[in-house]
Every structure is written in C-alpha cells, then in structure tokens.
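The block underneath contains the structure these notes are about, expressed in structure tokens.
To find a chain, count down the sequence lines: A is the first, B the second, and so on, and within it residues start at 1. The figures that follow rest on heavy atoms only: side chains count, while hydrogens, waters and symmetry mates do not.
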There are 2 protein chains.
Amino acid sequence: MTARAELRWVVDTRELRYFVAVAEELHFGRAAQRLGIAQPPLSRAISRLERRLGVALLTRTSRSVVLTAPGAVLLEEGRAALDALDAAENRVRRAALAADGEPGVVLAVKAGASGELLAKLLSAHAVEPGAARIEVELCGPGQQTRLLRSGRADVALLHLPFDDVAGLDTEELLTEGQVAVLPAGHPLTTRRGLRLADLDGVPDLPHPRWPGPDGGYPDGPGPEVHDSAQLLQLVSLGRTLVVVPESVRAQLPEGVVAVPVVDAQPVTTVIAWPPHSRSLAVAQLVETALRL
Amino acid sequence: MTARAELRWVVDTRELRYFVAVAEELHFGRAAQRLGIAQPPLSRAISRLERRLGVALLTRTSRSVVLTAPGAVLLEEGRAALDALDAAENRVRRAALAADGEPGVVLAVKAGASGELLAKLLSAHAVEPGAARIEVELCGPGQQTRLLRSGRADVALLHLPFDDVAGLDTEELLTEGQVAVLPAGHPLTTRRGLRLADLDGVPDLPHPRWPGPDGGYPDGPGPEVHDSAQLLQLVSLGRTLVVVPESVRAQLPEGVVAVPVVDAQPVTTVIAWPPHSRSLAVAQLVETALRL
DNA sequence: GTCATCCATACCCCCGCGGTATCGGTCGGT
DNA sequence: ACCGACCGATACCGCGGGGGTATGGATGAC
C-alpha cells in the first residue's frame, strides 16, 4: 500500500510567491523589490517554474509583461493555495497557544455591523455549558473572509452578497432590507422610500471610499473612511451617505436619518467558518447562532 | 502601497510533505522510505519545521511517535494546503491544454450512480448554445471529491451525506430514498420494505468492501469490489447485497431485485465545484443542472 | 545482559538560490 | 535617426542548505 508516487512535486512555495508577486505587479523589477531579492534570480525562478510546468505563464516583451490564460489561472489558484498554507501555519500556532492559555475562538465581525445579532449571539453562547471563550475581532468591510482564510480567525459573520464565501462553509442567520443613512434635514429624508438611482446622483453626498484589500483608497469625490463611527459622523456632517442593513437603525446616533431603499438587494447575514474545521467550539457557536 | 512584509514564510512545501508523511506513518523510517529519502534528513527537516514554527508537532520517544494537538491540526490543514497546491498545478496544466485542443470540462461521477440524472444533464447541456465539451470521468465512490480538490476535475456529482463537501460549492439537485439490491429469489425479496437492521444480520450476504482512499481494502467477510458492474454481478450470484439510491432501479440487470429500505437516510445528489472557479463552462453546466 | 529497533547527531558533498555585471531589445525624446 | 533610459535575460560566482553515510544513544524485548 501507499504505492503513490510520493516524489514528483513541481511547484514550490517560494516560486509560487514569486510568481504571484510578478503577476500582481506585471513588472519583474518592482516584484523583485517587493520580494526583497534582485531581479535576475526572479527572472530565472519564473522561467524555471514555466519550464517545469511546461506552460507559458507570462508573455514578456522587453517593455511589458502580461499574463497568459494559464497564468491567470495560476494567479487565482496560487493565491488560494498560499492562503491555505498561511492558514495552516496560523492555525497550528493558535493550536499551540490553546494548549497553554486558551484564547478560545476568534470571531471576525465587520466593525459596526450586525451589532444586535452579535450581542444576542454572545450572550446566548455565554450561557452554554462549557462554552469556549470568544474573542471578537472587529475588522473592516470584506476583511472577515481574509481573516478566515488566512487562519487568523475561526468563524465570522459575513454579509451576502457582498462577501465572497467561496470555499467557506456557511449557515444563514437572517435576511433584511437596506436603508440609506442620510444627514438629518436633507431633502431626501422627506421621502418614504428611495431607489438606488436616487442616491447615485446626489452631488453634495458622494459615496464614501473604503480602503481596498491592499490598504489603498480608490479614486473618487467621496471622503476616505476607515471605521463606522467616523463614517456616521461624516454623514451627520452632511459630507456623505451610506446604505446599510436595516438592523443598523437601532444604533444610529443623533443627526442622521434612515430611509428604506426599496430596490436594494436584501442582505443576508451568514455565519461562516473554514472547511476542515474540526473544532468543537466553532461547531457549538454555529449551533447557538442557528437557534437565535 | 503593498508594504506588506512579503518575506517571512515559514513552511515550505517540501517540509510540509515530509511532515504529512511522518504524521501518517508515525514512523520516521517508513516515512523516509515512502518519500524516497534517508531517515536523517527527514528527522532534521521535521526538527527544523518545529523550530521555525516554535511548536512541538510530534512527541517522540525512541520507541514511538505520536502527534501533539498542534501536530494534528497541521496534518489536517497541511493536507488541505497541499491539495490546493496540487490543484493549482493541475488546473494550470489543464488551462494550458484548453488553449490548444479544448478538453472542455471534466465532470466526475461515481461509476454506476445517478445514471438517469447524468444522461438528462448531458443531453440538456448538449443543446445549450456554446456548450463546452464535457468529459465524464467515472470514478470509485468518494473519489469525486478527491478529483475535484486536486484539480483533475472541474465539477462533480456527489451524494450527501456520504461525500464530504467541506470547502466545495454545491447546489442540490434531487433527494431520494434508498433501496436494497438483493439476489432474485432471496427470502428478503418477499418483503415490501426493509430496515437497515434486517440487512446487517444476513450471514449469506455480507456487505461488499470498497477500496479506501489509500487503495487498500478494509477487513471483513464481504467480497472486494472495485466497480459497480462487478458488484451487481456479485449480487446476482448471491454473494453480497448493496444499498443504493432508488434511481438506480432503472438500470438494474436481470437476476437482482430492489427492495425499499424504509429507515435509510435519504440521499441528496448535489452538483459540486471547487471554489474560486472562474470558469464560465462550469457555471453554465451548473445552471443547466438546476433547471432539470 | 544483550540485541534489535529507532530517532538524533556528526560530517561530507554538491546542487541551486541569490548576488553582481552585462547584454540585447524596445520605446521615447530631440 | 540617433542616443539614452528602461527592462528582462544571460553569465558567472559564492555559499547555504538539502541529502547522503556512519554512528551515537535511548528504550524495550527476550
């Protein structure tokens, strides 16, 4: 038994990281700089990877580098594989810490979202017999899946259809409509319901700009924001508007008004965890959430 | 931007493969043999891995090797990460082939299962405009997920609750009861319905033995089988019995009889695909399947 | 006590990764 | 049209580290 050909592996993590860097930068020099190595070894590593795979990943002229179709596949799949490696590493480290002082379960939640649901979940879980300690990790929008995939969190509350749940196990918790949060006294607040089109064309209330996955901000007229308290203050100052799930109404401050957005797609809050989770504590938490 | 600490990686694929081998064998000598290297480099590699992680993965006495709790986590997560790496490699290779002659989509199906559904799906897909060529990969029970996870298939038909769909995206197709397939003329065939307990205690019809993930067969009195045609022949010869979803009735040969099993849990057939699938062809196939 | 087993250590060799220097090709400026 | 800047590929070198053999040391069977 175990007569599998155990040798023969082609792609090594270092090479894969190198390739991802080049594929993201589309520039060997910058990629090398980012990786902290010189450019020639990087060129050789990519060439060797292509030779071993027997596949052209990049088409380079001396002035530009572009991905081939297989190269795009490797970028996508390679990122997932590297995430899985990082996740393995982080989970092992956390398992080792759990053996000593128990940090319990890390729950990733988008800061400012699902406040009521989160409170109910935590209090319901606290009374469970043998409940693990829960550490709530508040993070920016869309960062929960990153924490989950990289193994720095065990379970997360996500919001469909915004978060990408590909490769995660999920259970639905609740579905709700969305409301627009506007400065009190703004003309739009007199309406009973709004459409998304009404909100796009408001010159004095441009949409806010959140940091992207790389930490940078997209271009646009709206203010740069990085947390929800700041965002709500900007709304009350009449500088921006934002569309959020209606449960956020319960925690709106003075000076802002919520108006239903009738044609916004409903938001579903799900609890998500990485596959292969053998953790009893996570399973228990999910079960508690489903009973809410 | 991209000021992330890009260096700092701890776990290398070679070391991870080495660790998985040792963790599976729980024996450095055998693991080294399986890996095709000598034992001392293996010991050093594991030690180095533990030192870099700062975590004890194995407790070794000079007579035995056992996994620590973090070691068990690394075994589980590491396998998933290695699968992801293999998958990336295979998908890149397949994407490269697709650029030339197009092998289209590989659909993994358990040999002998879902025959009717499969036929309907293939014919429905064939009339779709711009339908990709579909290559059906017939495999043993439980092997579909392996093909999917390792990137050798793009989409699969699985059967809950038998197959493990952790980490796969799925859509339900149909749910059905199960029937016992028995040799014609056997006393049990006179019954209108059976219970699982009725089938366990039949001395002349022991359950068949399928190959496990490692290709080996478990111990037991039943015959070793590796494909469904052989299995049905063994049933008609009065050597074994088998419990299958009721849709299989449509393709039973002479000499065997199907009897409903009233307390068997219903089987749900799902279509599954790996996450991060950017493939239009897979999406189209899934959509077609959902319309059946 | 002796031997077999099994993991760790010591030591050696050599492959290959990363470095510097340089080439060759392409685009932009004047 | 020529020159220079830019950028990826190639050539060559040094050294770290992976894998090999030989051996040590601890443990359990008899």
[X]: side chain to side chain donor-acceptor pair (under 3.5 Å) partners, not counting sequence neighbours:
X        : value
B/Glu287 : none
B/Ser43  : B/Gln39
B/Glu15  : B/Arg48, B/Arg52
A/Ser150 : A/Arg152

Closer than 3.5 angstrom, by distance alone: can the side chain of A/Arg149 be matched with the main-chain N or O of A/Leu147 as a donor-acceptor pair? no

Specify the residues of residues 39-56 of chain A, ordered by number, for which at least one heavy atom lies under 4.0 angstrom from an atom of DNA chain D. A/Gln39, A/Pro40, A/Ser43

Where does the chain A footprint on DNA chain C start and end, counting 5' to 3' with a 4.0 Å heavy-atom cut-off? C/dC17 to C/dC27

Which residues pass the salt bridge (Lys or Arg N to Asp or Glu O under 4.0 Å) test with [X], sequence neighbours left out?
X        : value
A/Arg14  : A/Asp12
B/Arg209 : B/Glu224
A/Asp169 : none

Give me, pair by pair, the N or O atoms of the protein and of nucleotides 25-30 of chain D that are less than 3.5 Å apart, along with how far apart they are.
| from | atom 1 | to | atom 2 | distance (Å) |
| --- | --- | --- | --- | --- |
| D/dT27 | O4' | B/Ser62 | OG | 2.8 |

Side chain of A/Arg60 (C-beta onward), nearest among D/dG18, D/dG8, D/dG20: D/dG8

Among residues two or more places apart or on two chains, list those pairs meeting side-chain hydrogen bond (donor to acceptor under 3.5 Å, both in side chains) that have a residue in residues 156-165 of chain B. B/Ser114-B/His159

N/O donor to acceptor pairs below 3.5 angstrom from side-chain atoms of residues 70-83 of chain A, sequence neighbours left out:
| from | atom 1 | to | atom 2 | distance (Å) |
| --- | --- | --- | --- | --- |
| A/Glu76 | OE2 | B/Arg278 | NH2 | 3.2 |
| A/Glu77 | OE1 | B/Arg91 | NH1 | 2.9 |
| A/Arg79 | NE | A/Glu24 | OE2 | 3.1 |
| A/Arg79 | NH2 | A/Glu24 | OE2 | 2.9 |

